[in-house]
Amino acid sequence: MRIGLLTDGGYPYTTGEARLWCDRLVRGLARHEFDIFALSRSAEQEQQGLLALPPHVRQVRTAPLRAAPETHYTGRRRTERGYGRRERREFALHFGRLAASICSERADGDSFAEGLYGLASLAREHGGIAGELRSETAVRILEAACRTPGANRAVQAARVPDHLAFASLLERALRPLSLDWYGDDALGAVDLAHAASGGRAALPGLLAKRFCGVPLLVTEYGVQLRAQYLANAQLSVPVRALQAGFQRRLAAEVYGQAELVTPGNTHTRRWQERCGADRAKLRTVYPGMSADRFHAVGEGAYGGDPNTLVWVGRIEPAKDLIALLHAFAEVRKAEPEARLRLIAAPAEGPDAVTYLAHCRALAAQLFPDEAADAHAVGDNPVSFEEIGGPEAPEPADAYAAGSVVVLSSVVEGFPISLVEAMFCGRATVSTDTGAVVEVIGGTGLVVPPRNPRALADACVALLRDPERRSRLGAAARARALELFTVEQNLAAFRGIYLELMSHNPVHRENADETAAPQPFAHPAEAHVPGRWAAPTAARMPSNSPSSGPSWAGSPIAVLLQQRLEAEAEGAGA
């Protein structure tokens, strides 16, 4: 079958989110054909280029949405025509419905859908709507919607700068409406649209279903709505409220129109249910991670220092390294030989650099004597290292350095570092946040977040009990190999694709309107090896319809031909 894969800020670019799992999905399901429709987020990402794609990827359409709205995003130049009076009236009607739904306290999915699809139809028939979304008319409509009785209280406090700021954000979010992806040479030709995330990535899938009847599958390994809430923290309160209203309505529409939604864990699933997703449409599919690079560590080739705690992740406040350092200070009082290795990817951005400097200063303050005597590498009980450095060139080397892996986050989605530690057969101590409990499943110790004392007690308990560490590590590895491998992920999506296609006829090429629905684009008998599939029309039985399966030349066909000839001779006699 032919799959249209929809991505936002990742695959098939060499950098970005969802790049690895999408690449594994495409390469692992080589019997299907893929068309990739990618939204990019920055000029830097586009300059890095695309990955080398396998031959069963039929086409790649990219939309650099960071570009000026007047540029048509598939590489072809398209000038946005000025709207006439009639088109402007239609725009005002549809945008008014959309704005009223965003500002309203009560959920009004019908009004949001009417406005969204009305704007999409207008863009499809009369050219892109970016100019109208940036117009004074749009700002006035938005201002009126904010002051309507029944609007959100935070939205009612919006002023002109807030209206202008949100209008700019909304124009950027709705740019996919103006793409030329909804014809027979693009999404209209695929059998299934698979959005690799919710939010903006799923918006082309909504339009493909609306205009072309293409079924939609949505996969979310991180909650897009939650990510938007966190990303909007620097905006003013009215703009945050408007953004939240738009994202909630869009998420509800995506979940409502999707044939199936596949969250990556129960934590994500709960968010989706709160946003209106039908429980019957939800099916958890855990992310697929490569276990091969951790095989040697998991099989015991590297025992690790029994007195060393290891933390692996990104340097950011959500990881709460401050609590971990305070907890380790308590660990050192109970176990003076204990060490803590903090191994991370290079810090990116001023916030990460500042947070790392703060953590280093705290470590020097908590362990002043050790820091003063640290004349040689490794003398300090706390070390800050980078993946790719001399001590930890690969993630597997990082986990091999110690006997216990610690996760101290206060905010966490799907804990990738925890799964990697499980592949390595390491005992773990984690905070109860996000999907941690679901991932661990009783194979590690879990403590409350922001509780250094509980974190320290759990670490000390494992450092003092090697048999328990070994038992928990073996159980963790077995659980990870069962649930979180690439193979289980591919098997799940292989079955989901076939299930969805069994309920949705495919789009056949060169078929007229009178053609009957066909459950699969390429019937299974067309791929049977050997003489069974040899199309020898001259040897077909005379009473066989020409449109039947190509089984002429098979043993059954030969026997049937001989029997028909014998019956004909008997009738003649």
| task | Evaluate the side-chain hydrogen bond (donor to acceptor under 3.5 Å, both in side chains) criterion for residues Glu482 and Tyr286: first the C-alpha distance (whole Å), next the side-chain angles of each, then the deciding distance (0.1 Å), finally the verdict. | result | CA-CA 11 Å; Glu482 178 185 0; Tyr286 292 117; over 6 Å; no

| Do the rings of Phe493 and Tyr497 sit parallel, tilted or perpendicular, given the 30° and 60° boundaries? | tilted

| query | Taking the six-membered ring for Trp, are Tyr355 and His358 parallel (under 30°), tilted (30 to 60°) or perpendicular (over 60°)? | reply | tilted

| field | Centroid-centroid under 6.0 Å between Tyr11 and Phe34 rings | value | no

Close side-chain approach of [X] and [Y], heavy atoms under 4.5 Å:
X: Arg61; Y: Leu179; result: no
X: Asp432; Y: Val447; result: no
X: Leu6; Y: Leu187; result: yes
X: Thr62; Y: Tyr13; result: yes
X: Leu462; Y: Leu472; result: yes

Hey, is [X] close enough to [Y] for a salt bridge, meaning N to O under 4.0 Å?
X: Arg2; Y: Glu33; result: no
X: Glu273; Y: Arg270; result: no
X: Glu487; Y: Arg24; result: no
X: Arg494; Y: Glu499; result: no

| query | Can any side-chain N or O of Ser403 pair as donor or acceptor with the backbone N or O of Pro306 at less than 3.5 Å? | reply | yes

| task | Give the intermediate values and the outcome of side chain to side chain contact (heavy atoms under 4.5 Å, CB included) for residues Val404 and Arg426. | result | CA-CA 6 Å; Val404 178; Arg426 291 300 188 257; over 6 Å; no

| remark: salt bridge (Lys or Arg N to Asp or Glu O under 4.0 Å) test vs Asp8 passes for just one of Arg175, Arg41, Arg19, namely Arg41

| Do Thr433 and Glu412 have side-chain N/O donor and acceptor atoms under 3.5 Å apart? | no

| task | Would you tell me whether Glu438 and Thr266 have side-chain atoms, one donor and one acceptor, within less than 3.5 Å of each other? | result | yes

